[in-house]
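In listed order, ligands and their atoms are each counted from 1. These numbers come from the heavy atoms of this one structure, side chains and all, not from hydrogens, waters or symmetry mates.
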Amino acid sequence: MRQAMVAGNWKMNGSSASVSELIEGINAGVGETSAEIVVCPPFVYLSAIAAATADSAVKLGAQNMCDQDGGAFTGEISGPMLKDIGCEYVIIGHSERRAMYGETDEITAIKYGAVLKNGLKPIFCIGETLEERESGVTEDVIGRQIDAILESDGVASLANAVLAYEPVWAIGTGKTASPEQAQDVHAFIRGKIAALDAGIADGLRILYGGSMNPGNAADLIAQADIDGGLIGGASLKADDFLAICKAAG
Ligand code: 13P
């Protein structure tokens, strides 16, 4: 049985005051869910949130990571640094990084390997654009994005990773994939992994992300191959985020 997971991707939002209020709210309700709960604040707030979650079940994730361990890489943050301040997860391959910061399949695969090498766990994001969906190539796109990490690190690497299916057209748009649309893609992903290793596929958590909110979370997570959510906008309000966490278990 896979433990459900709900991760909040705070993206580039918040201030010292607002993130501390948000994490207090989340800490207060986290005892009411059996799901694994992760928050991914902006880098500059990671240490503060690490301190604020030291006595809570909430785990810490980063939104990005450099593939290098240290040195002359101005503006970058390394795996050893994330490990040092108490991160457990790192989001890799988010569509915003692919679309706005030039992260190719090759770069996402290199970063995925670096996350694992540092004893951290990738939350690896995949998803098609609206144009790709409408041209019927969703599975080709998802397959190619997953092949990048399978070719570099092999199927066994997924034992320490989480996948997040985030259709680009559903991110921040208020348009969510229907439970059936999402389940179809999740089943395709699990089937693709199962063809290589049935045990890994069975244990692999595949999250859905894209306008998930307290109103639609339960129906999405009820699907056989949807093991939780990667939440953007709704993760910035403690009550909404906790409602999604409770919908997950
Ligand atoms: P929204 O929940 O705001 O659509 O964002 C989803 C997302 O990109 C999480 O990584």
Heavy atoms only: which of Ala164, Gly233, Gly172, Pro167 is nearest to atom 4 (O) of ligand 1?
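It is Gly172 whose heavy atom sits nearest to atom 4 (O) of ligand 1.
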
Rounded to the nearest 0.5 Å, what separates atom CD in Gln181 from atom OH in Tyr208?
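Atom-to-atom, Gln181:CD and Tyr208:OH are 8.5 Å apart.
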
Using a strict 4.0 Å cut-off to heavy atoms of [X], name the atoms of ligand 1 that fall inside it.
X: Ala170; answer: 4 (O)
X: Gly210; answer: 4 (O), 6 (C)
X: Leu230; answer: 9 (C), 10 (O)

Is the closest basic N to carboxylate O distance between Asp105 and Arg98 below 4.0 Å?
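Yes, this pair counts.
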
Give every residue pair that meets the salt bridge (charged side-chain N to carboxylate O under 4.0 Å, His left out) criterion with at least one member in residues 50-72, sequence neighbours excluded.
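Found Glu36-Lys59, Lys59-Glu88, Asp69-Lys117.
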
Hey, is CG on Asp147 packed in by over 12 heavy atoms from elsewhere, all under 6.0 Å?
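Yes.
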
Considering residues, nucleotides and ligands other than Lys192, do more than 12 of their heavy atoms fall under 6.0 Å from its NZ?
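Above 12, so yes.
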
List the closest protein heavy-atom neighbour of [atom]: residue, atom name, distance to the nearest 0.1 Å.
atom: atom 5 (O) of ligand 1; value: Lys11 NZ, 3.3 Å
atom: atom 2 (O) of ligand 1; value: Gly232 N, 2.9 Å
atom: atom 9 (C) of ligand 1; value: Glu166 OE2, 2.9 Å

Decide whether the shortest distance between a heavy atom of Ala234 and an atom of ligand 1 is less than 4.0 Å.
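Ala234 does not count as a contact of ligand 1 under the 4.0 Å cut-off.
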
Under the ring-ring contact (aromatic ring centres under 6.0 Å, His included) rule, collect the residues that match up with Phe124, sequence neighbours excluded.
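Applying ring-ring contact (aromatic ring centres under 6.0 Å, His included) to Phe124 gives Tyr112.
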
Hydrophobic clusters here meaning ILVMFWY residues chained together by side-chain heavy-atom distances under 4.5 Å, can you tell me if Leu82 and Leu230 are in one?
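Per the 4.5 Å side-chain linkage, Leu82 and Leu230 are not co-clustered.
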
Compute the shortest N/O to N/O distance between Glu96 and ligand 1 and return yes if it is under 3.5 Å, no if not.
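In this structure, Glu96 places no N or O atom under 3.5 Å from an N or O of ligand 1.
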
